[in-house]
Protein chains: 2
Amino acid sequence: MDDGPSTAGQQRPPLRADAQRSVDALLAAAAEVFAESGVDAPVRKITAKAGVGAGTFYRHFPQRSDLISAVFRREVDACAAAAPALTAQYPPLDALTRWLERFAGFIATKRGLSAALHSGDPVYDSLPCYFQQNFEPVLADLLERAAQAGAIRSDADPWDLLRAIGNLAVPLEDGDDHTQRMISLLVDGLRYGAGAGAQPS
Amino acid sequence: MDDGPSTAGQQRPPLRADAQRSVDALLAAAAEVFAESGVDAPVRKITAKAGVGAGTFYRHFPQRSDLISAVFRREVDACAAAAPALTAQYPPLDALTRWLERFAGFIATKRGLSAALHSGDPVYDSLPCYFQQNFEPVLADLLERAAQAGAIRSDADPWDLLRAIGNLAVPLEDGDDHTQRMISLLVDGLRYGAGAGAQPS
DNA sequence: GCACGATACGGAACATTGTTCCGCTTAGCA
DNA sequence: TGCTAAGCGGAACAATGTTCCGTATCGTGC
């Protein structure tokens with residue numbers, strides 16, 4: 001969906017192969033480093049993990065916010081893209097649950113992002129929108145399939161659920177047992193109103 | 001209200017006179033520097049303005065969040081404390097207007113604080129509460145006096161007003177003409193429903 | 001008023017991180 | 001295969017956070 005660092009680029013010549021490799025490596029490394037150290041992690045940590053020099057980093061991401069934004073979008077895309085595979089592979093309720101857990105994992109790597117979002121940098125303005133626009137339809141589809149299968153009630157609002165799980169998963173601390181338990185609680189809640197004789201797990 | 005940096009101190013021996021001077025100087029300097037450069041301003045800028053060494057700074061504020069929190073509380077106190085004098089010196093409606101402008105000035109120095117508040121540092125958890133607990137009664141009193149004088153309507157909610165002006169004053173950019181105009185607009189709005197034949201300015 | 005111990009001060013030194021610069025390497029192309 | 005522009009690496013520099021310790025000051029008991 002996004003093949004480069006700057007989203008505002010008008011018409012930029014296609015990246016040379018090695019440059020594309022660098023960008024990919026940096027995004028992958030940054031995602032890992034952000035997950036373990038937050039978005040304020042030192043540049044050197046990222047370049048080291050990516051195996052590139054500092055110059056290369058600043059060539060592709062002159063502003064830190066460019067990198068943060070790019071990593072965020074890439075991870076949103078990846079998480080949203082996981083849904084179809086789950087839908088194809090599992091029954092609707094399982095697909096739903098597994099995707100919610102995947103989503104919680106996504107949220108868990110967002111330490112420090114909340115503060116960045118409030119920094120006032122206009123680069124971030126579009127991120128909440130990107131978040132909603134990508135996730136809401138995905139979850140709506142999962143919910144609808146599960147509802148049509150009679151596994152869950154049909155009046156759940158996707159956006160409500162996304163925010164609820166977003167809040168549940170914020171901590172990131174200790175084991176994610178807690179988040180997982182809360183998710184299954186939510187899913188049980190969804191099942192409660194299903195047409196058939198659903199029973200809590 | 002708060003005579004030292006750490007709010008969690010159990011029973012700490014009273015500060016030596018020179019230490020108290022240092023703390024005061026640092027808080028005053030930090031307030032100025034924060035206002036002009038945001039809460040991420042370099043430590044050296046603060047110590048230079050306060051006329052103290054780096055060691056002194058870290059002795060009193062081991063964590064930056066300690067300083068930010070202390071400055072915030074001190075300024076909340078000062079702003080809230082300005083109300084009685086205004087009440088004594090001006091008619092109720094004037095006192096109300098002047099205090100709201102003072103409050104807007106307070107908000108205008110809070111660049112970067114919003115991001116800090118979302119950083120997750122538990123030191124900040126109590127600040128929003130402190131903000132509300134100090135300002136709401138003050139404004140409620142000003143509103144009530146103005147309402148009893150027949151200058152404004154009596155159904156205004158203090159907390160609503162605080163948040164509204166907080167939002168109006170956020171920018172801090174250009175001249176504060178804009179904020180001032182918006183405040184007088186709000187006050188006119190309050191006057192509109194007054195019992196007597198109040199007329200917009 | 002004086003001496004003494006505890007407390008606090010200042011600022012140089014060190015550590016960490018952000019950012020730039022430039023000689024060298026490589027991809028893409030004719 | 002050779003040329004050129006794009007890209008790379010990492011040393012060097014700059015800005016800032018943080019520590020350390022010799023010196024100065026305060027509060028106190030006499």
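In what follows, chains carry the letters A, B, and so on, assigned in the order in which the sequence lines appear, proteins first and then strands, with residues in each chain numbered from 1. Model, not experiment: these values are computed from the prediction.
- Residue A:Y58 has its side chain nearest to C:dT20 when only D:dT16, D:dC8, C:dT20 are considered.
- Between C:dG10 and B:T56, a contact under 4.0 Å exists linking OP1 or OP2 to a side-chain N or O.
- Remark: the B:R64 side chain and the D:dG17 base include no donor-acceptor N/O pair separated by less than 3.5 Å.
- Between B:K110 and B:E75 there is a salt bridge, with a side-chain nitrogen of the basic residue lying less than 4.0 Å from a carboxylate oxygen of the acidic one.
- Residue-to-nucleotide proximity on DNA chain D shows that, of B:D18 and B:A54, the 5′-proximal contact is made by B:A54.
- Computed from coordinates, the A:R59 CZ to C:dC21 P distance equals 13 Å when rounded to whole Å.
- Spacing between atom CG of A:L15 and atom C1' of C:dT26 amounts to 15 Å, rounded to whole angstrom units.
- Look at B:D188 and B:R191 and you find a salt bridge, because one of the NZ, NE, NH1 or NH2 atoms lies within 4.0 Å of a carboxylate O, short of that distance.
- A heavy-atom distance below 4.5 Å is found between the side chains of B:V23 and B:L15.
- Under the 3.5 Å distance criterion, with hydrogens and angles disregarded, a donor-acceptor pair is assigned to the side chains of A:R73 and A:S126.
- The nearest whole Å value for the distance from the CD atom in A:Q63 to the C1' atom in C:dG18 is 12 Å.
- Note: CZ (B:R44) to P (C:dG11) measures 12 Å, nearest angstrom.
- B:A19 comes within 4.0 angstrom of sugar-phosphate atoms only, judged by non-hydrogen atoms across all strands, and of no base.
- Listed pair A:H60 / D:dG7 fails the phosphate criterion, with no side-chain N or O lying under 4.0 Å from OP1 or OP2.
- Of the two residues contacting DNA chain D, namely B:R16 and A:S22, the nearest-nucleotide position lying further toward the 5' end is that of A:S22.
- Residue A:D24 contributes atom CG, which lies 14 Å from atom P of D:dG7 at whole-angstrom precision.
- Rounded to an integer number of Å, the gap from CG of A:D40 to C1' of C:dG18 is 13 Å.
- Rounded to whole Å, atom P of C:dC9 lies 10 Å from atom CD of B:Q20.
- Using a 4.0 Å cut-off between charged side-chain N and carboxylate O, B:D24 and B:R74 make a salt bridge.
- Atom CG of B:L26 is separated from atom C1' of C:dA8 by 13 Å (rounded to the nearest Å).
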